Structures are given as structure tokens and as C-alpha cells.
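Order of listing sets the numbers, starting from 1, for every ligand and every atom in it. Starting from 1, each residue takes its place in the sequence as its number. Small disclaimer: the values here were computed from a predicted structure and weren't measured.
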Amino acid sequence: MKALLLESIHPYAESILREAGFEVETRTGALDESELIEALQGVDIVGLRSKTEITPTVLEKATGLTAIGAFCIGTNQIALDEAAARGIATFNAPFSNTRSVVELAIAEIIAMARRLTEKDGSLHAGVWDKNAKGSHEIRGRKLGIVGYGNIGSQLSVVAEMLGLQVYFYDTDDKLAMGNAHRCDSLDELLETAEVVTLHVDGRSGNAGFFGADQFATMRPRSLFLNLSRGFVVDYDALRENLLSGHIAGAAVDVFPTEPKKRGESFSSPLQGIPNVILTPHIGGSTEEAQEDIGRFVASKLRDYIDRGTTTLSVNLPSLTLEGRPGGGRRITHLHRNTPGVLAKVNSILAGHGVNIEGQLLNTRGENGYVVTDVAQLPDAAIAELREMPETIQLRVIG
Ligand SMILES: NC(=O)c1ccc[n+]([C@@H]2O[C@H](COP(=O)([O-])OP(=O)(O)OC[C@H]3O[C@@H](n4cnc5c(N)ncnc54)[C@H](O)[C@@H]3O)[C@@H](O)[C@H]2O)c1
């Protein structure tokens with residue numbers, strides 16, 4: 001089988017796929033639609049990052065494609081429903097850069113509490129500003145985490161290790177880690193915390209959810225961080241609160257509109273304000289995260305091809321599968337999720353005298369995925385399964 005890895009994916013991914021027996025071609029850049037269609041001829045799996053778009057046209061023309069690996073977090077660049085309708089599994093790396101974001105948040109909380117950017121700026125300008133006023137330890141301070149998912153909950157653990165008292169608010173009912181205190185409302189958190197940090201997801205309902213009213217509810221002289229999504233915060237309101245001194249410092253990594261390319265110019269109402277740390281969406285950008293993304297996504301692709309495992313696929317029903325029993329064969333059958341498909345599959349197998357050794361089914365929206373282990377499988381049974389009107393994709397492994 002052949003894998004094409006685009007956009008300088010970490011070499012770890014290539015080594016995992018080679019070891020699994022793939023022929024691997026790597027390219028440094030992204031490809032536009034026509035280049036991609038050409039490059040995908042004869043390719044079984046493609047790996048990409050955020051700059052390669054898998055459009056419905058690409059999917060239509062890439063007839064041999066079995067799986068797509070998004071070696072990043074987001075999957076907006078991929079026509080996921082069309083891929084599922086063609087039986088093409090898609091995987092991404094939702095957790096690999098969690099720790100990197102957490103470490104940046106911690107670094108920024110300390111940097112703001114010690115006013116490091118101001119001290120650094122003064123000394124670079126030749127001014128020796130040795131002064132303890134306005135500089136604080138973070139030990140014992142109250143940290144308010146809004147959004148207690150993968151990142152928020154890990155930040156909770158690391159922050160507690162540094163002696164912060166953690167409060168969190170999440171719209172879902174989340175398990176409190178360590179000694180963290182769950183707040184019943186966002187206002188309760190804002191009235192309590194001395195540092196407020198946002199780690200909510202990018203659902204459309206979160207657009208502008210943190211604005212003038214929320215800043216007004218925060219304690220005077222508190223610190224604010226946003227490393228989640230740019231569009232969730234009203235940055236003009238943040239600017240006013242920083243200039244008035246109500247908010248003592250801010251660290252912002254994400255913006256409503258961000259330049260597409262490295263080196264492009266950028267502007268924000270937050271520029272030029274003291275004790276404000278601005279970073280170009282680098283929360284998850286570390287070499288460790290890139291390596292883990294390479295490992296994570298390549299392993300998912302390998303396990304899908306080798307075993308049919310769809311755990312954490314972003315567009316197919318999820319099934320976690322062990323290796324095949326020795327010498328047996330595995331039928332992976334992706335189908336339209338209509339009543340009676342499983343009965344039909346089993347009746348075809350029974351009609352050919354095939355004994356089922358193991359079987360698992362899961363569904364997701366319009367698709368169903370049934371995986372059946374058998375000792376032997378006549379070609380006529382495979383042909384009959386393929387011809388079922390509900391069949392989207394059938395693979396026989398082994
Ligand atoms: N800065 C970076 O480089 C970087 C890197 C990775 C992720 N992110 C962003 O960080 C954010 C968090 O990522 P994650 O992996 O922890 O996501 P996640 O989906 O695991 O967690 C998000 C949590 O926020 C909660 N939530 C959503 N809306 C809320 C609201 N209005 N109020 C309170 N809780 C709310 C959800 O219930 C969920 O528990 C995402 O927006 C992601 O895009 C940024």
C-alpha cells in the first residue's frame with residue numbers, strides 16, 4: 001500500500017508507516033486541488049496538515065483513497081461527510097498538543113504576575129528597573145479555568161502542583177481533578193478568581209461569549225488569558241479594561257482573524273499595552289507536540305488498515321478492535337445505516353456456510369460499521385456482500 005505525506009509531517013509518522021509495510025512518499029509543501037488529484041493516483045492513505053484541502057472533487061477523483069490522516073487538531077480542511085459517504089476514514093490528533101498549551105498558560109501566568117515583559121523591555125532599552133512593586137508569586141492565588149476539557153483539566157492538575165487554588169466552570173458536568181472547585185456559574189468563577197483563563201471549544205454559540213459584562217464581573221486587578229479561540233472574546237472590551245487598570249494583564253494567543261502565512265503583518269487592539277503578552281497562535285506549537293501528532297495519527301492509520309480499528313475517527317462509527325485471530329479473515333463493512341443490514345450480512349455469510357467467530361457493530365449518523373471475523377470466506381460471499389445496495393465500502397483483511 002502507498003502513503004503520501006504532505007506538509008512536512010514529523011518523520012516519526014513515516015517510520016511508523018514504513019515499519020507497517022507502506023511505501024511512503026513525503027513532500028514538504030501543500031498541494032492545490034489539481035496537483036493533489038494527480039499526486040493521489042495510486043495512493044491508499046494521505047497525510048496532511050492544515051493547508052491541504054480535501055474537497056469533494058478531490059475525493060471523487062482519488063478513487064483508491066482508503067484513509068486520511070489530519071496531522072493536526074482541526075479537520076475543517078477536509079470534506080468529512082463526503083469522505084464518510086465514500087468509506088474513507090479520517091483521523092486527527094485531538095490531544096497531542098494539550099501539554100504544550102498548558103505549559104504556555106503557566107509560563108504566561110507567571111510572566112504576567114512578575115511583569116516580565118515590562119522588565120525585559122526596560123532592560124533591553126538600557127533601564128535598570130529593579131523594583132518589587134506589582135510583582136507577585138502565584139502560590140496560593142485563585143485560578144479560574146473556563147472550559148474544563150482536555151486542556152482545562154490538565155492545566156488544573158499542573159496549576160495545583162504549583163500551589164494555585166483551582167476553580168473551574170464548564171457547561172458540561174465534569175469530574176473535578178485533585179482539589180479543584182467546580183463553580184455553578186461563570187459569574188461565580190469570575191467573582192472568585194484572580195486569574196481567569198479560557199479553554200472553551202470553538203462551537204458557534206461561543207462567539208463573543210466573553211465581553212464587557214464578563215470583564216466587569218472579574219475581580220479588580222485580575223489577570224486574563226485566552227488560548228482557546230479568538231472569536232470567543234471581545235478584544236475591544238479587553239483593551240478598555242486593560243487601559244482602565246481593571247484588568248492588570250492579559251495573555252492572548254488566538255485572534256478572530258489570523259494571518260494565513262508566517263511573516264504576514266498583523267494588527268490587534270491589544271498591541272502596545274503594558275503587561276499584555278501576544279503570541280501568534282503557538283500554544284500547541286512545540287517539537288514535542290509535532291512528534292506526538294506524527295506518532296498518534298500514523299498509528300491510527302496503520303491500525304485502521306491492518307485491523308479495521310476506527311477508534312477516534314472523526315467521520316466513521318468508532319470500533320476498537322483487537323488483532324485478527326491467527327489465520328482468520330476479517331470483513332470490514334461500512335454501510336448505510338438502515339434497518340436489517342446486519343441480518344442481511346449474516347444471512348449471506350450463513351448461505352455460504354461461513355462460521356462467524358466474532359462480530360462488532362457501531363453506527364454513527366447515516367453510517368453503520370460492522371466487522372466480522374471468520375475462519376474462511378469464499379469469493380462468492382465477498383461478491384454478494386459487495387453487491388448489497390447498502391454497502392459503502394467492504395474490505396477483507398487477511
Ligand atoms: N492555542 C493553541 O495553539 C491551541 C492548541 C490546541 C487547542 N486550542 C483550543 O483550546 C480549546 C480547548 O481545547 P480542548 O482540547 O481542551 O477542547 P475540549 O473540547 O476538550 O474542551 C472544551 C471544554 O469547554 C467546555 N465549554 C464549551 N463552551 C463553554 C462555555 N461557553 N463555558 C464553559 N465551558 C464551555 C466544553 O464543555 C468542554 O469541556 C479549543 O478551543 C481549541 O481549539 C488552542
Side-chain angles (χ1 to χ4, degrees), residues 49-50 70-77 91-109 143-159 166-177 180-193 196-211 213-215 217-218 224-235 250-259 262 266 268 270 277-293 296-297 312 314:
R49 291 167 70 180
S50 58
F71 286 78
C72 50
I73 316 299
T75 49
N76 296 344
Q77 72 281 38
F91 298 92
N92 69 340
F95 322 121
S96 295
N97 62 10
T98 304
R99 175 70 190 212
S100 301
V101 180
V102 167
E103 290 194 13
L104 183 63
I106 293 285
E108 291 181 333
I109 293 168
L143 172 66
I145 300 174
V146 183
Y148 206 63
N150 297 319
I151 295 173
S153 57
Q154 191 173 153
L155 175 60
S156 173
V157 173
V158 178
V166 176
Y167 294 77
F168 73 90
Y169 170 68
D170 197 294
T171 43
D172 272 1
D173 200 358
K174 295 286 175 146
L175 170 73
M177 311 298 281
H181 173 88
R182 181 188 297 104
C183 294
D184 291 329
S185 66
L186 180 59
D187 280 356
E188 181 194 341
L189 178 140
L190 299 178
E191 284 159 8
T192 311
V196 171
T197 183
L198 304 190
H199 300 285
V200 297
D201 56 54
R203 68 185 74 176
S204 55
N206 279 340
F209 97 99
F210 208 102
D213 290 349
Q214 287 67 37
F215 287 118
T217 311
M218 283 173 66
F224 174 81
L225 296 91
N226 183 17
L227 290 89
S228 62
R229 293 295 187 95
F231 69 86
V232 306
V233 178
D234 176 348
Y235 286 137
V252 176
D253 188 44
V254 286
F255 302 88
T257 43
E258 297 180 356
R262 196 172 166 203
F266 166 79
S268 158
L270 302 172
I277 302 172
L278 302 181
T279 46
H281 205 144
I282 50 155
S285 304
T286 62
E287 294 190 14
E288 289 78 5
Q290 288 308 316
E291 181 177 327
D292 198 65
I293 288 170
F296 189 91
V297 180
L312 292 177
V314 288

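Under the 30°/60° scheme for interplanar angles, the aromatic rings of Phe95 and Phe296 are found to stand perpendicular. Between Phe224 and Phe210, the ring planes are tilted. Angles from 30° to 60° get that label.
In terms of N/O distances under 3.5 Å, ligand 1 is not approached by Val146. Considering both main-chain and side-chain atoms, Ile282 never comes within under 3.5 Å of ligand 1 through any nitrogen or oxygen pair. Residue Gly152 has no nitrogen or oxygen atom sitting less than 3.5 Å from a nitrogen or oxygen atom of ligand 1, judged on distance alone. For ligand 1, one of its N or O atoms has an N or O atom of Gly283 under 3.5 Å away.
Formation of a donor-acceptor pair under 3.5 Å by the Asn206 side chain with backbone atoms of Asp201 is found in this model. Side chain of Asp170 to main chain of Tyr148: a donor-acceptor pair is present (N/O by atom type, distance under 3.5 Å, no hydrogens or angles). Asp172 places no side-chain N or O within 3.5 Å of a backbone atom of Lys174 that could act as its donor or acceptor partner. With hydrogens and angles ignored, the 3.5 Å screen pairs no side-chain donor or acceptor of Asn226 with any backbone N or O of Val252. In this structure, the side chain of Glu258 does not engage the main chain of Pro280 through any donor-acceptor pair within 3.5 Å.
Between Leu155 atom CG and Arg99 atom CZ the span is 10.0 Å, to the nearest 0.5 Å. In this structure, CG in Leu143 is found 13.5 Å from NE2 in His181, a value given to the nearest 0.5 Å. Between the CD atom in Glu191 and the SG atom in Cys183 there is a gap of 9.5 Å [rounded to 0.5 Å]. The CD atom of Gln214 lies 7.5 Å from the CZ atom of Phe209; values are rounded to the nearest 0.5 Å.
Residue Thr98 does not touch ligand 1, judged by heavy-atom distances below 4.0 Å. When non-hydrogen atoms are compared, ligand 1 lies under 4.0 Å from the side chain of Val101 (C-beta onward) but not from its backbone. Of the heavy atoms in Leu186, none comes closer than 4.0 Å to ligand 1.
The option from Val232, Val200, Leu198, Leu155 that lies nearest to atom 29 (C) of ligand 1, judged by heavy atoms, is Val200.
Annotation: atom 6 (C) of ligand 1 to nearest protein heavy atom, Asn97 OD1, 3.6 Å. Remark: minimum distance from atom 43 (O) of ligand 1 to any protein heavy atom is reached at Arg229 NE, 2.9 Å. Here the heavy atom of the protein found nearest to atom 38 (C) of ligand 1 is Asp170 OD2, 3.4 Å. Remark: minimum distance from atom 31 (N) of ligand 1 to any protein heavy atom is reached at Asn206 OD1, 2.9 Å. The protein heavy atom nearest to atom 16 (O) of ligand 1 is Ile151 N, 2.8 Å. With hydrogens left out, the protein atom closest to atom 8 (N) of ligand 1 is Leu227 O, 3.9 Å, a heavy atom. The single protein non-hydrogen atom nearest to atom 26 (N) of ligand 1 is Thr171 OG1, 3.6 Å, given as residue, atom name and distance. Of the protein's non-hydrogen atoms, Asp201 CB, 4.0 Å is the one closest to atom 19 (O) of ligand 1.
Counting atoms of ligand 1 from 1 in the listed order, those under 4.0 Å from a heavy atom of Asp253 are 1 (N), 2 (C), 3 (O). Interface atoms of ligand 1 facing Arg203, defined by a heavy-atom separation under 4.0 Å, are 27 (C), 28 (N), 36 (C), 37 (O). Ligand-side atoms of ligand 1 in range of His281: 1 (N), 2 (C), 3 (O), range being under 4.0 angstrom from any heavy atom. Listed by atom number, the atoms of ligand 1 under 4.0 Å from Lys174 heavy atoms are 39 (O).
A side-chain contact (heavy atoms from CB on, under 4.5 Å) with Val146 holds for exactly one of Thr197, Leu186, Leu225; it is Leu186.
Atom 13 (O) of ligand 1 lies below 4.0 Å from at least one non-hydrogen atom of the protein.
When all heavy atoms of Ile293 and Ser96 are compared, the pair lying nearest together is CG1-CB, 3.3 Å.
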